> 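Have a look at this one.
Read the numbers this way: they start at 1 and go in the same order the structure lists the ligands and their atoms. Everything numeric in this text was worked out from a predicted model, so none of it was measured.
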Amino acid sequence: MDCIFCAIKNGEIPSKKVYEDESVYAFRDINPQAPTHILVIPKEHIPSADAVTEKNADAVAKIFCAIPKIAAAEGLKNGYRLISNVGKDGCQSVPHLHFHILGGIQLPEKMS
Ligand code: AMP
């Protein structure tokens, strides 16, 4: 399968890894939109949040277990924003489920 995030978690494309366990991989976004900008992905290829089902829900739950650990390790004690873009209207550019962790600054209240 020709998926850039699958290639990243397989180590075929370099990334700045911040976290890894048996089902989750997290790395720094190549084009950061905040002082801390991390992408958290399931190792299993799931195209987007719109493709989450009872069958792959465990992989998604593991992501949500990893996120607080990553945030703590990054020192995001005042909070952060979690975003998952879905499909064309959601401006998803990589079709492998991922959650953006954005933080390290007081983020604007509204999205542009
Ligand atoms: P989205 O637009 O929500 O699908 O987010 C995709 C994100 O992946 C963007 O923020 C990109 O900057 C990021 N990205 C794309 N290629 C890479 C890469 N090779 N390493 C790290 N981040 C990447």
Side-chain angles (χ1 to χ4, degrees):
M1 197 189 306
D2 200 14
C3 170
I4 187 173
F5 285 179
C6 283
I8 283 176
K9 59 99 176 161
N10 289 336
E12 296 154 10
I13 291 176
S15 67
K16 291 184 178 168
K17 180 172 85 170
V18 297
Y19 178 88
E20 183 173 16
D21 64 30
E22 69 284 359
S23 56
V24 177
Y25 190 86
F27 55 102
R28 297 197 189 280
D29 196 294
I30 204 166
N31 183 23
Q33 303 298 310
T36 300
H37 188 170
I38 291 166
L39 301 173
V40 191
I41 67 169
K43 288 186 172 176
E44 177 181 347
H45 182 84
I46 301 171
S48 78
D50 199 49
V52 175
T53 65
E54 285 77 8
K55 269 191 170 177
N56 60 28
D58 278 359
V60 180
K62 294 276 172 49
I63 290 176
F64 280 90
C65 294
I67 285 169
K69 297 177 194 169
I70 296 166
E74 292 290 320
L76 300 178
K77 55 184 187 306
N78 291 329
Y80 50 92
R81 184 167 290 157
L82 200 56
I83 294 175
S84 189
N85 296 322
V86 179
K88 179 177 170 291
D89 282 2
C91 295
Q92 182 182 7
S93 61
V94 179
H96 182 127
L97 176 65
H98 53 282
F99 292 87
H100 298 254
I101 298 176
L102 294 151
I105 197 170
Q106 175 64 66
L107 294 162
E109 192 176 339
K110 294 191 176 172
M111 310 263 306
S112 55

> Considering non-hydrogen atoms of the protein only, which is the closest contact for atom 7 (C) of ligand 1, and what is the distance?
Asp29 OD2, 3.5 Å
> Below 4.0 angstrom, N of the basic side chain to O of the carboxylate: do Glu20 and Lys43 qualify?
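A salt bridge links Glu20 with Lys43.
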> For the 3.5 Å polar cut-off, considering only N or O atoms, please tell me whether His100 and ligand 1 meet it.
yes
> Hey, could you give me the CG/OH distance between Leu39 and Tyr25, rounded to the nearest 0.5 Å?
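With rounding to 0.5 Å, CG (Leu39) is 11.0 Å from OH (Tyr25).
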> Using a 3.5 Å cut-off on N or O atoms only, is His37 in polar contact with ligand 1?
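No; every N/O pair is 3.5 Å or more apart.
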> What are the atoms of ligand 1, with element, lying closer than 4.0 Å to any heavy atom of Leu39?
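Going through ligand 1 atom by atom, the ones under 4.0 Å from Leu39 are 7 (C), 8 (O), 13 (C), 22 (N).
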> With a 4.0 Å cut-off on heavy atoms, is Cys91 in contact with ligand 1?
yes
> Give the atom numbers and elements of ligand 1 that come within less than 4.0 Å of a heavy atom of Gln92.
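Those atoms are 4 (O).
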> Compare Phe99, Phe5, Phe27 and give the one whose heavy atom is closest to atom 8 (O) of ligand 1.
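Of the listed residues, Phe5 has the closest heavy atom.
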> For atom 2 (O) of ligand 1, find the nearest protein heavy atom and state the residue, atom name and distance (0.1 Å precision).
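The protein heavy atom lying closest is Ser93 OG, 2.8 Å.
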> Taking Thr36 for its side chain and Leu102 for its backbone only, find out whether a donor-acceptor pair lies under 3.5 Å.
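Checked: no pair found.
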> Considering only the protein, which heavy-atom contact is closest to atom 19 (N) of ligand 1, and what is its distance?
Ile8 CD1, 3.6 Å
> Can you list the ligand 1 atoms lying under 4.0 Å from a non-hydrogen atom of Asn31?
12 (O)
> Please report the interatomic distance CD1(Ile30) to CD1(Ile4), rounded to the nearest 0.5 Å.
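Atom-to-atom, Ile30:CD1 and Ile4:CD1 are 7.5 Å apart.
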> What is the nearest protein non-hydrogen atom to atom 1 (P) of ligand 1, stated with its residue, atom name and distance?
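Of every protein heavy atom, His98 NE2, 3.2 Å lies nearest to atom 1 (P) of ligand 1.
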> What I'd like to find out is whether the side chain of Asn85 reaches to under 4.5 Å of the side chain of His100, using heavy atoms alone.
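Contact flag for Asn85/His100 side chains = yes.
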> Give a yes or no on whether the backbone of Gly104 and the side-chain of Glu74 come within a donor-acceptor separation of less than 3.5 Å.
no
> Which ligand 1 atoms does Val94 reach within 4.0 Å, using its non-hydrogen atoms?
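By the 4.0 Å cutoff, the relevant atoms are 4 (O), 6 (C).
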> What distance separates Ile38 CD1 from Lys16 NZ, expressed to the nearest 0.5 Å?
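These two atoms lie 11.5 Å from each other.
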> Which ligand 1 atoms are under 4.0 Å away from a heavy-atom of Arg28?
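Here the atoms of ligand 1 in question are 21 (C).
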> In the protein, what heavy atom is nearest to atom 16 (N) of ligand 1, and what distance, to one decimal place, separates them?
Ile4 CD1, 3.9 Å
> Hey, which atoms in ligand 1 end up nearer than 4.0 Å to a heavy atom of Asn85?
1 (P), 3 (O)
> Who's the nearest protein heavy-atom neighbour of atom 17 (C) of ligand 1, and how far?
Ile30 CG2, 3.8 Å
> If we only consider heavy atoms of Lys16, is any one of them less than 4.0 Å away from an atom in ligand 1?
no
> With a 3.5 Å distance limit and no angle check, can you tell me whether Arg81 reaches the backbone of Pro108 through a side-chain donor-acceptor pair?
yes
> Taking Pro42's backbone N and O only, do any of them form a donor-acceptor pair with His96's side chain (distance below 3.5 Å, no angle check)?
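At least one qualifying donor-acceptor pair exists.
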> To the nearest 0.5 angstrom, please state how far the SG atom of Cys3 sits from the CD1 atom of Ile46.
11.5 Å
> Using side chain to side chain contact (heavy atoms under 4.5 Å, CB included) as the criterion, list what pairs up with Glu12, not counting sequence neighbours.
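Residues passing side chain to side chain contact (heavy atoms under 4.5 Å, CB included) with Glu12: Ala7, Asn10.
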